[in-house]
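Everything numeric in this text was worked out from a predicted model, so none of it was measured. Chain naming here is simple, since letters A, B, ... match the order of the sequence lines and numbering starts at 1 in each.
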Number of protein chains: 2
Amino acid sequence: MKVTITDVAKKANVSKSTVSRIMNGNFDQNTEETVNRVLKVIEELDYRPNALARSLKLTKTNVIGIVLSNLQNPFWASVLEGAEEACQSHGYNLMICNSNNNGEIEKEHLRSFEMKQIDGLMINPTSKNLDTYKKMVDNDFPFISINRKIYGLDAHVITVDNVKGAKMATTHLIRQGRRKIAIFLYQVEGISPRLERLQGYKLALIENGIDIDPSLILMVDEKKGEIAKAVQKVFSADNIPDAIFSTSSMMTLEILEGISQTKYNIPKDVALIGYDETVWSKHLFPPLSTIWQPAFEMGGLAAKKLIEMIETKKPKEVLPKVISLDPQLIKRESCGEAQKGGVVLE
Amino acid sequence: MKVTITDVAKKANVSKSTVSRIMNGNFDQNTEETVNRVLKVIEELDYRPNALARSLKLTKTNVIGIVLSNLQNPFWASVLEGAEEACQSHGYNLMICNSNNNGEIEKEHLRSFEMKQIDGLMINPTSKNLDTYKKMVDNDFPFISINRKIYGLDAHVITVDNVKGAKMATTHLIRQGRRKIAIFLYQVEGISPRLERLQGYKLALIENGIDIDPSLILMVDEKKGEIAKAVQKVFSADNIPDAIFSTSSMMTLEILEGISQTKYNIPKDVALIGYDETVWSKHLFPPLSTIWQPAFEMGGLAAKKLIEMIETKKPKEVLPKVISLDPQLIKRESCGEAQKGGVVLE
DNA sequence: TTGAAAGCGCTAACAG
DNA sequence: CTGTTAGCGCTTTCAA
């Protein structure tokens, strides 16, 4: 049924080796006449080499695995697109799976990927399978972490500078005259962007001589409705914030909704800035200030680096191990100063 | 280096066949003693079968390919998540690629997928490679089209009823008292959802005794800025619409922006309804009425159907060939009637 | 310049 | 109940 290299060889009256050579572009090892004849047969038979057999022999699949945790978040959709584009242009295919931030599921996926003999792995790690990550790195398996650092493991990682981003956001609020700045965070759980955004927030306050008020640090569960609760709580407390720093784009929408159910007004009573610029940020009411992250670029860089690690066969020698990209502040009306003409990059 | 079935066999003092049988769960073909011994060695050696070798032998990879065109669009992100989840729960891996709606790129991806011996394909087809799709279907290769029908090809397809959705949207506008309803569409180019949404729009008008005004049918290029131009054009023409039906979520944001630059007000002067409910719809100003589509479900169903086609080995006998899911109307303030309490499903 | 043969790691008759 | 063997489709030495 399917046409194999043997079929081509027979029809062209040559051996499989010859076909193989020609398929792989070693034209100068054969007479022009044979080359043309074989090429013609390949065309006629519409022969496509079985990548499985080839990979088995070469122990190289040209497949890269990527495990992400939330494609609803446009940040990750962009990362994926960036990674896909880079893979494609370098001749690799992408095998994707979704961990949903669940360590068990992640572990299974990694196992499955390994059996499928992927050439390398890009991951937004749950951070719950340190031993597994470590084994890969130790075994010189090409591995790169995207967005999250893995504490206690000297792995390749590419992130956006979260301390910087959070500092920019918080500082912007301070410059707009706000002092009682609340931060909304998902439970930190040792996840580096969360830790670092909190740190950036604190640094900005300290640098500006503002005391850190623990009641303004809102750690919420990722469960539905938790954010609304937190908003309600903070606005019925003694110390009502005059600004909110939301550390995730999905969270921001819920905060907006929560605030709309209070008597407080954005930005008059409370300024709001969100992490992650999105297509909808500027269309919110009021238009939302955000921290933009180079997501597409990050995905692309991660893929390129991984491919370099794969192709040099010396993952550990591909430097630098840590790449940290720069975020940007996008100022809009939600922080209190109507920017005529819309966006202002700092 | 890597541990193979031979290593396990040697260490357990059995043949490869025995190990293979046990790996595949045929426990009753061996004495309990052997089974345990082999299992123990497998564990000790941390043996993971090479899926490449297995697939080569079995001509079955448990890999499904998916080609999409735009992950930025949350609709597709949801489809992908749905598909991924179904694959995962049925023991399949997903290989993903992005055609960017480009026929050439799509063709290359399909070729690459074929060589990688994927078991089946889900695709949002560009519709530019009819011959390729046809060959797959004719060869009994498991193939399913998502969201777009492929005219002239009797392939499996799963869509959301676009005529119905567009009719619901348009009818809603009419019921709100609007008569001069404009529709914004990307160039149709034989793409079924676009054709059908236009058709649904027309049907609604006809059923309500409203003449179709060609000047209110705005076909725009997918290039940046084209929508803004179209908005400007329509609002400086003689026949200014009192409602707009936007047929894509990204488009809607641009229309909103365009309108904000006119003197017209939503919903007072012009009502707006968008295709595709998104996380941000209800946070726009004013909150946007939309047509919701079961994207996650569609992805999941497509994957399950494909898997059935794969596993029965009789793709053509898996019925029905065409699945059409139902959209829903979500009413919000952008169409002119403030809905207290927010969402109202019809 | 070309071919024969071995082997990548696995499965599945078939035989015992 | 278990082992021997052939072979999936390819690449690559080695020899001619």
Could you tell me how far apart B:N26 (CG) and C:dA12 (P) are, to the nearest whole angstrom?
9 Å

Nucleotide C:dC8, atom C1' - distance to CG of B:D7 in whole Å:
13 Å

Measure from CD on A:E114 to C1' on C:dG9 and round the result to the nearest Å.
15 Å

May I ask you to verify if any side-chain N or O of B:S55 is less than 4.0 angstrom from the OP1 or OP2 atom of C:dC10?
no

Are A:R37 and A:E43 close enough for a salt bridge, meaning some N to O gap below 4.0 Å?
no

Let me know which of A:T126, A:N100, A:N124, A:N147 forms a side chain to side chain donor-acceptor pair (under 3.5 Å) with A:S69.
A:N124

Nearest-Å distance, CD1 (B:I22) to C1' (D:dC1)?
11 Å

May I ask you to say whether A:E44 pairs ionically with A:K11, meaning some side-chain N is under 4.0 Å from a carboxylate O?
yes

Considering just the side-chain nitrogens and oxygens of A:N30, establish if one lies under 4.0 Å of OP1 or OP2 belonging to C:dT1.
no

Decide if atom NZ of A:K314 counts as having more than 12 heavy atoms of other residues, nucleotides or ligands within a radius under 6.0 Å.
no

Counting primed atoms, P, OP1 and OP2 as sugar-phosphate and everything else as base, the B/S/- map of nucleotides 9-16 of chain D against protein heavy atoms under 4.0 Å is BBBBB---

Using the side chain to side chain donor-acceptor pair (under 3.5 Å) rule, pick out the option among A:N36, A:N30, A:T31 that qualifies with A:T34.
A:T31

Which atom pairs, donor and acceptor, lie under 3.5 Å between side-chain atoms of residues 75-87 of chain B and protein residues at least two apart or in another chain?
residue	atom	partner	partner atom	Å
B:S78	OG	A:Q72	NE2	3.0
B:S78	OG	B:P74	O	3.3
B:E81	OE1	A:Q72	NE2	3.1
B:E81	OE2	A:L71	N	3.0
B:E81	OE2	A:N98	ND2	3.4
B:E84	OE2	A:N98	N	3.1

B:E108 atom CD, neighbour heavy-atom count above 12 within 6.0 Å
no

Rounded distance in Å - CD (B:Q29) to C1' (C:dT11):
12 Å

Let me know the distance between NZ of B:K10 and P of D:dG3, rounded to the nearest Å.
14 Å

Member of B:T132, B:I123, B:N101 meeting the side-chain contact (heavy atoms from CB on, under 4.5 Å) criterion with B:E106:
B:I123

Surrounding NZ of A:K135 (heavy atoms of other residues, nucleotides or ligands, distance under 6.0 Å), is the total greater than 12?
no

Considering only heavy side-chain atoms of B:T34, the closest of C:dG3, D:dC1, D:dG3 is D:dC1

A:M115 CE - C:dC8 P separation (whole Å):
21 Å

To 10°, what angle do the rotation axes through the five end pairs on each side of the helix from C:dT1-D:dA16 to C:dG16-D:dC1 form?
40°

